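Below is one structure; the comments refer to it alone.
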Amino acid sequence: MNTDACTALSQRFSALNRVLEKNCHFWQLRPFTLQSLPWQAQYPALCRWLDRLDADTIAQLEGDFPALCDALSPFIADAAQLAKLCKSTCNAPVNDDYPAYLSNRIPGRKWQQITAFGAALPIVNTPVLEWCSGKGHLGRLLAYSGNRHIDSVEINPDLCLAGEKRAAQLNLPMRFHNVDVLTQDCDSLFQVEQQAVALHACGHLHTTLLRKAVARGTQDIAISPCCYHLIPEPVYQPLSAAASASSLRLDRQDLQLPLQETVTAGQRERKQRRTELNWRLGFDLLQRTLRQSDSYLPVPNLRKSLLQTDFKTFCHWAAEQKALTLPAGVDYGDYERRGQQRSDTVDRIELVRHLFRRPLEYWLVLDRALYLEEHEYCVSLVRFCDKSLTPRNLLLQGRRESTTDAPT
């Protein structure tokens, strides 16, 4: 095992853990529940700076993590260090010289993610276990590129059938397994001489892959984690000894913080999100008045068609969901305006929280990396593509140099 590489990952995790623990009052909070900036007493200069920001500046800082670190460094001592702790190497340029039929009916952005992920994988000759495969898009690329047998595992039987049909048409060595990996026995799918891969497998799905592959001693593991909050427990259960020793306790809402960085939403979708935020915050002020309780009341997810109506209609829908009766004479225009003002405050709170968005993601991925190291894997962590293609661009790879003592 490369001791220097292991030490570097461990040191980075320790540094990130220290910063996240020390600054949890900046990011472990719920902006939706707050009506003003929560740091007025302790950090008045920060709050004055936040109040002066215009919408364009906030949007620019949201999309530029190094610039955000620089901007907040006068107010948050550890901000300057975070950009360094979240750096990683990007893999070599992607080979996109594939026949057009391989990418047929795959959205362009998804195909680019697949080719970038595939290009970053080590060249090995072992069979592949494609985890949470869908129709087997990644598996087809790997089968075509290396003429390797692919076992594709997927819970949806329709996707398995579609994948099998496409693989047969292309005469590719692929076999699909219709399995619920969280409830059904799939241990026999794991082999020692094998490469287990997962592109954007969510939460408990990719941690299940790690545990099963480690238990079997699978030679190569490569995952790009996603949706860290999709776990069965209310509080995150760390994998590594280092993360288990941390004082951080992360609930599902904390684990959603890394996912708040998106680059694929169109203008219409962004406008809808803004309208929904304004309306929810406006209704929250109304329900506090109705209930005579200054506490946040969560409202269920809504049909997007509701956003094509108006704020009054939304309020009647939300009140019905929470068994509240709206009296006559409500000044809906006033509550809508106040909701918009409050959403401006949420933007500023979120801007500070987002300083820790990428660091928390690295903390979570490094927990997985250290878990692999604890089980005798050589580990690397790279970016397999630019964030403009997907913010979930971290690729964790583990390799056992010797399989002679692999568990059975």
Side-chain angles (χ1 to χ4, degrees), residues 25-41 43 46-63 68 229 251-254 256-257 259-262 265-355 357:
H25 53 286
F26 284 120
W27 61 272
Q28 268 191 316
L29 45 79
R30 307 290 175 255
F32 262 62
T33 69
L34 304 174
Q35 299 190 60
S36 61
L37 298 176
W39 311 292
Q40 297 280 1
Y43 301 95
L46 169 64
C47 293
R48 287 194 297 271
W49 177 78
L50 289 169
D51 282 334
R52 291 196 297 268
L53 294 178
D54 57 39
D56 289 340
T57 302
I58 292 174
Q60 186 271 326
L61 291 173
E62 282 281 5
L68 181 61
H229 64 293
D251 63 23
R252 294 189 184 108
Q253 290 191 64
D254 295 326
Q256 289 184 29
L257 178 59
L259 307 179
Q260 290 182 7
E261 183 176 16
T262 61
Q267 183 176 357
R268 180 174 178 271
E269 185 178 350
R270 290 194 295 269
K271 183 178 179 181
Q272 284 186 331
R273 288 177 181 174
R274 192 67 186 181
T275 298
E276 182 174 354
L277 174 63
N278 294 343
W279 287 4
R280 284 181 178 275
L281 292 174
F283 175 77
D284 182 60
L285 294 171
L286 174 57
Q287 67 82 18
R288 290 177 192 238
T289 300
L290 294 177
R291 295 170 58 231
Q292 296 185 339
S293 173
D294 193 22
S295 61
Y296 182 72
L297 184 68
V299 174
N301 292 331
L302 51 79
R303 303 184 316 277
K304 295 306 178 185
S305 59
L306 188 60
L307 297 174
Q308 306 303 315
T309 60
D310 56 24
F311 178 65
K312 180 178 179 180
T313 303
F314 170 82
C315 287
H316 279 274
W317 171 84
E320 182 180 353
Q321 305 307 305
K322 309 307 293 187
L324 296 175
T325 300
L326 296 179
V330 172
D331 188 344
Y332 291 102
D334 178 62
Y335 280 107
E336 185 173 11
R337 285 189 296 272
R338 289 165 61 191
Q340 292 171 351
Q341 293 170 356
R342 194 172 160 202
S343 70
D344 291 340
T345 299
V346 168
D347 287 345
R348 287 155 175 75
I349 299 172
E350 291 285 24
L351 185 65
V352 175
R353 290 186 77 226
H354 290 171
L355 176 66
R357 178 172 56 190

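Note that the coordinates shown come from a computational prediction; the quantities given were computed from them, not determined experimentally.
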Any idea which heavy atoms bring Trp49 and Leu61 closest together, and the distance? CH2-CD1, 4.1 Å

Between Arg288 and Asp284, does a salt bridge (Lys or Arg N to Asp or Glu O under 4.0 Å) hold up when you go through it step by step? CA-CA 6 Å; Arg288 290 177 192 238; Asp284 182 60; 2.8 Å; yes

For Phe32 versus Arg342, what's the shortest heavy-atom pair and its separation? O-NH2, 2.6 Å

Can Asp344 and Gln341 be counted as having a side-chain donor-acceptor contact under 3.5 angstrom? no

Listed pairs under 3.5 Å, donor-acceptor, residues 295-306 side chains, sequence neighbours left out:
| from | atom 1 | to | atom 2 | distance (Å) |
| --- | --- | --- | --- | --- |
| Ser295 | OG | Ser293 | OG | 2.9 |
| Lys304 | NZ | Glu276 | OE1 | 3.0 |

Within this structure, what is the CG-OG1 distance for the pair Leu281 and Thr345, rounded to the nearest 0.5 Å? 9.0 Å

Could you tell me whether the side chain of Leu37 reaches within less than 4.5 Å of the side chain of Leu46, counting heavy atoms only? no

Considering only heavy atoms from C-beta outward, does the side chain of Leu351 approach that of Leu53 to under 4.5 Å? yes

Evaluate the side-chain proximity of Leu307 to Trp279: yes if any heavy-atom separation is below 4.5 Å, no if none is. yes

Considering all heavy atoms of both residues, which atom of Cys315 and which atom of Tyr332 are nearest to each other, and what is their separation? CB-CE2, 3.9 Å

For a 4.5 angstrom cut-off between non-hydrogen side-chain atoms, does Val346 reach Gln35? no

Please list, chain by chain and in numerical order, all residues satisfying side chain to side chain contact (heavy atoms under 4.5 Å, CB included) with Glu320, sequence neighbours excluded. none

In this structure, CH2 of Trp317 is separated from NZ of Lys322 (nearest 0.5 Å) by 9.5 Å

Could you tell me whether the side chain of Val352 reaches within less than 4.5 Å of the side chain of Tyr43, counting heavy atoms only? no

So, taking the atom named CG in Leu29 and the one named CH2 in Trp27, what distance separates them when rounded to the nearest 0.5 Å? 9.5 Å

Just wondering, do Tyr335 and Arg338 contact through their side chains at under 4.5 Å, heavy atoms? yes

Rounded to the nearest 0.5 Å, how far does OG1 of Thr33 lie from CD1 of Ile349? 8.0 Å

Keeping the roles fixed (side chain from Asn278, backbone from Thr275), state whether a donor-acceptor pair exists under 3.5 Å. no

Looking at CG of Asp54 and CD of Gln60, how far apart are the two atoms once the value is rounded to the nearest 0.5 Å? 10.5 Å

Separation between NE2 (His316) and CZ (Phe311), nearest 0.5 Å, reads 10.0 Å

So, Gln260 versus Arg357: side-chain donor-acceptor pair below 3.5 Å or not? no

Filter on salt bridge (charged side-chain N to carboxylate O under 4.0 Å, His left out), then keep only pairs touching residues 345-354, sequence neighbours left out; what's left? Arg274-Asp347, Glu350-Arg353

For the residue pair Asp251 and Asp254, what are the closest heavy atoms and their distance? OD1-N, 2.8 Å

Where do Gly339 and Leu285 come nearest, in terms of heavy atoms and distance? N-CD1, 4.3 Å

Counting distance only, does the side-chain N/O of Trp39 pair as donor-acceptor with the main-chain N or O of His25 below 3.5 Å? yes

Find out whether Glu62 and Leu68 are in side-chain contact, i.e. whether some heavy atom of one side chain is under 4.5 Å from a heavy atom of the other. no

Would you say Gln308 and Gln272 make side-chain contact, with heavy atoms under 4.5 Å? yes

